[in-house]
There are 2 protein chains.
Amino acid sequence: MAEKDVKKKTSSGAPGGGRREVRPTKQQPSRQVSIKDIARLARVSHPTVSRALQNSPLVNPATAAKIRKIAEAAGYRPSAVARGLVTRRTRTVGLVVTTVADPFASAVACGIEQAANDHGYAVFLANSNADAEHERKVVQALAERRVDGIIVTSSRVGSDYLPMLAQLNVPMVLVNDQYPGEFVHSVMIANEEGSRAATEYLIGMGHRRVAYVGDRSGYQTETERLEGYKRALAKAGIEFDAKLAVHGDGRPEGAAEAMEALLQLAEPPTAVCCYNDMTALGAMRAIRARGLRVPEDLSVTGFDDLFFAEYLEPPLTTVRQPMRRMGEMAMENLLKLMSGEDSVAQVKVGAELIVRKSTGRVGMKPGPQMRGTGGTQGLGAGRRNG
Amino acid sequence: MAEKDVKKKTSSGAPGGGRREVRPTKQQPSRQVSIKDIARLARVSHPTVSRALQNSPLVNPATAAKIRKIAEAAGYRPSAVARGLVTRRTRTVGLVVTTVADPFASAVACGIEQAANDHGYAVFLANSNADAEHERKVVQALAERRVDGIIVTSSRVGSDYLPMLAQLNVPMVLVNDQYPGEFVHSVMIANEEGSRAATEYLIGMGHRRVAYVGDRSGYQTETERLEGYKRALAKAGIEFDAKLAVHGDGRPEGAAEAMEALLQLAEPPTAVCCYNDMTALGAMRAIRARGLRVPEDLSVTGFDDLFFAEYLEPPLTTVRQPMRRMGEMAMENLLKLMSGEDSVAQVKVGAELIVRKSTGRVGMKPGPQMRGTGGTQGLGAGRRNG
DNA sequence: GTTGCTACCGCAAACGTGTGCATCGCGGGG
DNA sequence: CCCCGCGATGCACACGTTTGCGGTAGCAAC
């Protein structure tokens with residue numbers, strides 16, 4: 001065997017002389033340039049380089065400038081992993097979503113990434129596949145990576161995290177926790193108020209038989225939105241009819257099936273309040289498949305206000321979640337937690353009903369409908385323990 | 001259920017007696033349990049613990065079992081950062097997308113995350129905001145994190161990475177590179193073939209005045225798709241009319257504006273081939289706003305086959321990109337590169353025309369249109385340098 | 001009894017950075 | 001002349017792992 005690039009420690013003589021001439025026999029990873037390399041080049045100790053690069057006042061401005069110049073020229077990039085080891089802070093957060101392919105999750109993720117990036121944090125992305133067990137797994141994995149904090153959206157675990165977290169010792173904030181009961185730190189949308197507003201709007205348009213298409217998973221947002229629907233009915237003196245409350249799977253396919261069942265009822269609804277926009281997507285397809293029109297024959301509302309909602313035909317009346325903003329808020333809360341502040345707790349963000357053209361007066365005639373001006377109303381905003 | 005097993009450090013002798021007794025002036029992060037802790041508990045050296053935990057044959061199965069049990073009970077989680085420092089491999093990849101909120105990007109990201117997770121890799125997510133300068137920045141940041149590899153989708157930098165990469169010394173694969181010219185490792189969709197197929201399909205339906213709504217950014221996918229459109233025209237003996245090729249911004253808003261211009265032409269088109277589904281979304285809205293119908297008055301095609309395409313009214317005829325699969329392929333290629341293999345290069349994946357109901361024969365009568373069976377055709381698949 | 005082999009296990013040195021503390025040169029005040 | 005202070009820098013250690021290598025039993029073969 002040829003010798004393996006003997007590491008010579010020639011301290012004083014010719015520091016940059018015979019560079020490590022890696023021979024291309026095997027692709028030698030050609031060690032990254034380290035802080036010691038540029039210390040040698042600058043003829044100072046490596047701590048001085050470290051200090052110079054982080055603008056410490058302890059180092060002479062002149063030498064600092066010189067060091068920075070050399071580091072720049074050598075293309076030196078400090079190793080975040082070595083730094084993380086000694087400082088015990090990685091400036092990294094973990095983000096777990098059900099799946100990035102979900103438009104709600106990706107919108108929230110976008111806000112989080114933005115805020116994280118602005119504060120010098122990098123974000124680990126992980127999918128939970130909407131499975132509690134897998135979610136726990138990826139959280140554990142993130143903990144092994146020594147992330148400084150964790151955000152999980154639509155958690156299936158929720159307050160069950162408490163024992164694990166006590167051991168892991170890493171702050172966590174939840175976005176739209178799906179687990180019944182309250183988690184310590186979370187940002188939640190006003191599900192009940194939003195769903196209630198949508199239903200009340202439908203009732204206000206004269207509808208008496210308004211249905212609800214939910215998510216059979218039975219998680220927290222589902223139960224809250226269903227509750228909002230029921231409250232609106234109760235307030236209007238309309239008795240809740242279990243036959244009008246059906247359940248899809250939160251996705252268009254399942255929603256379409258559920259909607260079909262609704263349409264086959266002896267006395268079908270004239271309006272339907274959907275669990276979310278994806279559900280509305282499927283519901284509208286099922287409605288069209290029966291040769292019915294929205295909103296002339298049937299009014300439809302959604303929840304989320306995903307990007308495509310306003311481009312549907314007809315544009316979808318829906319309850320808006322400020323998804324990006326919610327992501328930012330989650331990140332801001334996490335930043336506080338990571339810096340030691342412990343004040344912030346649950347924050348509940350207001351939902352906003354966006355009226356478009358998928359809703360109309362009951363029994364409305366086909367034709368040029370009124371120009372919906374997109375009236376909005378804020379709902380249920382507020383925060384506790386702020 | 002396993003009982004809670006309180007963490008007791010009072011093993012026996014006092015090896016950990018007067019350990020560095022840091023005074024708790026500031027909130028002490030309560031040091032994570034390390035490999036040495038459990039080495040002490042198991043009365044072995046910490047290297048033995050290390051080997052036991054990675055199932056090394058060098059350690060006695062009995063002691064290994066004992067060690068694992070103790071580690072489990074103590075809730076020990078090895079530090080990936082410490083490991084990364086010594087092994088010089090972080091088992092981490094960086095993923096940079098224009099923005100996660102983009103449905104195309106998030107679909108690709110989903111495939112990547114999946115494949116990465118399957119192989120024990122974690123993924124750093126970063127947004128480039130579709131800006132070349134920012135993209136370079138985040139790639140640098142990822143390099144500082146010592147990721148083992150990088151994937152960037154819709155790169156604005158492309159082969160300009162070469163010098164930087166030579167210095168960073170980290171493998172990179174591009175998905176749908178937007179920079180003219182070829183990058184070393186990439187997975188690309190067959191843009192030209194796909195766009196050409198869509199246009200040919202329209203022509204086959206009798207359309208002669210078929211327009212193109214592009215993306216004014218003028219990046220690579222745009223030019224290729226435009227080229228495919230032109231080729232189809234040429235093949236059919238239709239002269240390219242510059243007035244029929246307009247440019248939005250790849251998003252619904254800009255596309256709607258561009259489409260309006262098209263509709264105000266003295267001789268408006270009877271069909272329009274859109275740069276992507278988002279563009280089609282805007283185009284269709286603009287068409288409806290003029291009181292025209294799709295496909296009776298105007299046929300529309302998209303590109304991507306985003307999840308909502310089949311739920312539009314009418315369902316969108318579009319060119320499918322297997323986005324998840326492309327993400328997986330990118331990750332698989334990256335895995336090979338990271339393991340030292342250097343064979344894989346550009347792979348071009350076939351596009352598939354999905355015929356739905358947004359397209360019809362020119363001058364078709366309103367009414368129940370034929371049941372589009374969703375005929376498909378694979379296009380332009382292949383790989384080079386495999 | 002020496003040798004050699006095998007199966008385990010510990011020592012020590014890394015990996016690249018941050019940081020408390022000692023050191024050093026030097027100017028000024030006593 | 002001595003001492004003190006101060007600004008600038010280096011020393012040494014720590015962070016939590018992995019890994020090459022040397023050591024030590026136990027045992028069999030000679």
Side-chain angles (χ1 to χ4, degrees), chain A residues 1 4-7 9 11-12 29-40 42-67 71 74 76-91 143-146 148, chain B residues 15 19-23 25-26 28-40 42-67 71 74 76-91 143-146 148 169:
Chain A
M1 278 305 164
K4 248 234 180 102
D5 174 48
V6 271
K7 204 191 287 188
K9 296 214 166 197
S11 50
S12 65
S30 82
R31 194 173 61 79
Q32 294 265 14
V33 27
S34 87
I35 198 175
K36 293 186 186 167
D37 293 325
I38 73 131
R40 202 179 316 125
R43 301 178 175 286
V44 293
S45 70
H46 74 270
T48 302
V49 175
S50 172
R51 285 187 260 257
L53 261 29
Q54 49 193 114
N55 299 322
S56 164
L58 292 182
V59 44
N60 187 316
T63 55
K66 170 182 156 202
I67 288 174
Y76 169 66
R77 297 274 139 192
S79 162
V81 2
R83 174 181 299 147
L85 183 57
V86 48
T87 64
R88 310 166 92 97
R89 300 197 56 224
T90 53
R91 293 204 145 258
E144 288 197 17
R145 302 270 179 190
R146 297 296 187 262
D148 293 336
Chain B
R19 254 317 155 32
R20 161 193 23 204
E21 196 58 38
V22 191
R23 91 184 56 64
T25 54
K26 233 24 183 175
Q28 177 72 359
S30 84
R31 194 173 61 78
Q32 294 264 15
V33 28
S34 87
I35 198 174
K36 293 186 186 169
D37 294 324
I38 75 131
R40 203 179 316 124
R43 304 178 169 287
V44 294
S45 69
H46 72 270
T48 300
V49 175
S50 172
R51 284 188 260 257
L53 261 30
Q54 50 194 113
N55 298 322
S56 162
L58 293 182
V59 44
N60 187 316
T63 56
K66 171 183 155 200
I67 289 174
Y76 168 67
R77 297 274 139 192
S79 162
V81 0
R83 174 183 300 146
L85 182 57
V86 48
T87 63
R88 312 166 91 98
R89 301 196 56 221
T90 53
R91 293 203 144 258
E144 288 197 17
R145 302 274 179 185
R146 297 296 188 262
D148 294 336
N169 194 39

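Each chain gets a letter, A, B and so on, in the order the sequences are listed, and its residues count up from 1.
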Checking side-chain contact (heavy atoms from CB on, under 4.5 Å) for the pair B:Arg146/B:Arg88: CA distance, chi angles, key distance, verdict? CA-CA 8 Å; B:Arg146 297 296 188 262; B:Arg88 312 166 91 98; over 6 Å; no
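In this entry the distance linking NZ of B:Lys36 with C1' of D:dT18 reads 12 Å, nearest Å. We find that CG of B:Leu85 is positioned 13 Å from C1' of C:dA13, with the value rounded to whole Å. One can place CZ of A:Arg83 at 18 Å from C1' of D:dG16, the figure rounded to the nearest angstrom. In this entry the distance linking OH of B:Tyr76 with P of D:dG16 reads 10 Å, nearest Å. Taking atom CD on A:Gln54 and atom P on C:dT19, their separation rounds to 6 Å, with Å as the unit. The nearest whole Å value for the distance from the CZ atom in A:Arg40 to the P atom in C:dG16 is 11 Å. For the pair B:Arg89 CZ and D:dT18 P, the computed distance is 14 Å after rounding to whole Å.
Across B:Val33 and B:Ala74, no two heavy atoms sit closer than the pair CG1-O, 3.9 Å. Across all their heavy atoms, B:Arg91 and A:Arg145 have their closest contact at O-NH2, 2.8 Å. Scanning both residues, A:Tyr76 and A:Leu53, for their nearest heavy atoms gives CE2-CD2, 3.4 Å. The minimum heavy-atom distance between A:Ala52 and A:Ala64, with the atom names listed, is CB-CA, 4.0 Å. Closest heavy-atom contact between A:Gly84 and B:Val81: C-CG2, 4.2 Å.
For the side chain to side chain contact (heavy atoms under 4.5 Å, CB included) criterion with A:Val44, the lone passing option out of A:Ile67, A:Val59, A:Thr63 is A:Ile67.
Proximity of B:Arg88 to the phosphate of C:dC15: no side-chain N or O atom is located under 4.0 Å from OP1 or OP2. Residue A:Gln32 places no side-chain N or O under 4.0 Å from the OP1 or OP2 atom of C:dG16. Here A:Ser50 reaches the OP1 or OP2 of C:dG18: one of its side-chain N or O atoms lies under 4.0 Å away.
In the helix from C:dG1-D:dC30 to C:dG30-D:dC1, the terminal helix axes, each the rotation mapping four pairs' C1' atoms onto the next four within five end pairs, subtend 80°, rounded to 10°.
Closest to the side chain of B:Val86, out of C:dT19, C:dG16, D:dT18, is D:dT18.
Here A:Ser45 pairs with A:Thr48 under the side-chain hydrogen bond (donor to acceptor under 3.5 Å, both in side chains) rule; sequence neighbours left out.
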Any protein N or O atoms within reach of nucleotides 7-10 of chain C? Criterion: under 3.5 Å, listing atom names and distances.
unit_1: C:dC9; atom_1: OP2; unit_2: B:Asn60; atom_2: N; d: 2.9
unit_1: C:dC9; atom_1: OP2; unit_2: B:Thr63; atom_2: OG1; d: 3.1
unit_1: C:dG10; atom_1: OP1; unit_2: B:Ser45; atom_2: N; d: 3.4
unit_1: C:dG10; atom_1: OP2; unit_2: B:Ser45; atom_2: N; d: 3.0
unit_1: C:dG10; atom_1: OP2; unit_2: B:Ser45; atom_2: OG; d: 2.8
unit_1: C:dG10; atom_1: OP2; unit_2: B:Thr48; atom_2: OG1; d: 2.4
unit_1: C:dG10; atom_1: O5'; unit_2: B:Ser45; atom_2: OG; d: 3.4
unit_1: C:dG10; atom_1: N7; unit_2: B:Arg51; atom_2: NH2; d: 3.4
unit_1: C:dG10; atom_1: O6; unit_2: B:Arg51; atom_2: NH2; d: 2.6

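Side chains of B:Arg83 and B:Pro78 form a contact here, defined as non-hydrogen atoms less than 4.5 Å apart.
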